[in-house]
Amino acid sequence: QVQLVESGGGLVQAGGSLRLSCAASGGTFSRYAMGWFRQVPGKEREFVAAIRWSGGSTYYADSVKGRFTISREKAKNTMYLQMNSLKPEDTAVYYCAAGLSVATMSRESDFGSWGQGTQVTVSS
């Protein structure tokens, strides 16, 4: 069973940076896609970014393009989300997700494994 553990969230001022990490275990990830989603209380969880573990193709929500960078370190089974130029509207709980045979990288239901989430708060 795949287990995902996020870390790296926190409080940062607008314009600042944070790097989230997602440590994965319990699977052979060469066939997986992994992604980041975020959720604000009272709203649906939304797609942020995703990456295909094997080839490294990346996908981003329009709202984070040019500011966020997703990457993975195969040797450590760890995925990262480098977040720069943070805005107050980026405040959310960020979730790491993994899925086999993900057809649509932005579709939450294509991802079968989820982490517990890490809070990111951006102050104005």
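Heavy atoms only, all atoms of each residue included: W36 and M79 are closest at NE1-CE, 3.3 Å. Smallest separation of non-hydrogen atoms from Y32 and A98: CD2-CB, 3.9 Å. For the pair R67 and S85, the tightest heavy-atom approach, listed with the atom from each and the gap, is NH1-O, 3.0 Å. Closest approach of I70 to M34, counting heavy atoms only: CD1-O, 4.2 Å. The nearest pair of heavy atoms linking L18 to V12 is CD1-CG1, 4.0 Å. For S17 against N84, the heavy-atom pair with the smallest separation is OG-OD1, 2.9 Å.
With hydrophobic clusters built from ILVMFWY side chains whose heavy atoms lie under 4.5 angstrom apart, V2 shares a cluster with I51. Residues V48 and M105 fall into different hydrophobic clusters, defined by Ile, Leu, Val, Met, Phe, Trp and Tyr side chains chained together at heavy-atom separations under 4.5 Å. Note on W53 and L100: same hydrophobic cluster, where clusters join Ile, Leu, Val, Met, Phe, Trp and Tyr whose side-chain heavy atoms are under 4.5 Å apart, directly or indirectly. When hydrophobic clusters are built by joining Ile, Leu, Val, Met, Phe, Trp and Tyr residues whose side-chain heavy atoms come closer than 4.5 Å, directly or via intermediates, L81 is grouped together with F29. Residues F47 and Y60 fall into different hydrophobic clusters, defined by Ile, Leu, Val, Met, Phe, Trp and Tyr side chains chained together at heavy-atom separations under 4.5 Å.
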If you look only at distance, which donor and acceptor atoms sit under 3.5 Å apart when one is on a side chain in residues 113-124 and the other is two or more places apart or in another chain?
unit_1: W114; atom_1: NE1; unit_2: F111; atom_2: O; d: 3.1
unit_1: Q116; atom_1: NE2; unit_2: E6; atom_2: O; d: 3.4
unit_1: Q116; atom_1: NE2; unit_2: E6; atom_2: OE1; d: 3.4
unit_1: T118; atom_1: OG1; unit_2: G9; atom_2: N; d: 3.3
unit_1: Q119; atom_1: NE2; unit_2: A92; atom_2: O; d: 3.4
unit_1: Q119; atom_1: NE2; unit_2: T121; atom_2: OG1; d: 3.3

Could you walk me through whether K76 and S21 pass side chain to side chain contact (heavy atoms under 4.5 Å, CB included), step by step?
-> CA-CA 11 Å; K76 293 185 176 181; S21 299; over 6 Å; no
Stepwise salt bridge (charged side-chain N to carboxylate O under 4.0 Å, His left out) check, K87 with D90 = CA-CA 5 Å; K87 305 175 181 180; D90 294 318; over 6 Å; no
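Looking at heavy atoms from C-beta onward, R19 lies out of side-chain contact with T69 at the 4.5 angstrom threshold. Between Q82 and L20 there is no side-chain heavy-atom pair separated by less than 4.5 Å.
Take Q39 and apply the side chain to side chain donor-acceptor pair (under 3.5 Å) test, not counting sequence neighbours, and it matches no residue. Residues satisfying the side chain to side chain donor-acceptor pair (under 3.5 Å) test with R31, not counting sequence neighbours, are none. Residues that satisfy the salt bridge (charged side-chain N to carboxylate O under 4.0 Å, His left out) test with R107, not counting sequence neighbours, are D110. With sequence neighbours excluded, the residues satisfying side chain to side chain donor-acceptor pair (under 3.5 Å) with R45 are E108.
Residue pairs meeting the ring-ring contact (aromatic ring centres under 6.0 Å, His included) criterion with at least one partner in residues 65-87, sequence neighbours excluded, do not occur; the list is empty.
Here CZ of R52 is found 12.0 Å from CZ of R72. Values are rounded to the nearest 0.5 Å. Residue Q1 holds its CD atom at 9.5 Å from OG of S25, rounded to the nearest 0.5 Å.
No more than 12 heavy-atom neighbours from other residues, nucleotides or ligands sit within 6.0 angstrom of CD on Q13. More than 12 heavy atoms of other residues, nucleotides or ligands lie within 6.0 Å of CD in E89, so this atom counts as buried by the packing criterion. K74 NZ: more than 12 foreign heavy atoms inside a 6.0 Å radius.
Note: F37 and Y95 fail the aromatic proximity criterion, with ring centroids not under 6.0 Å apart.
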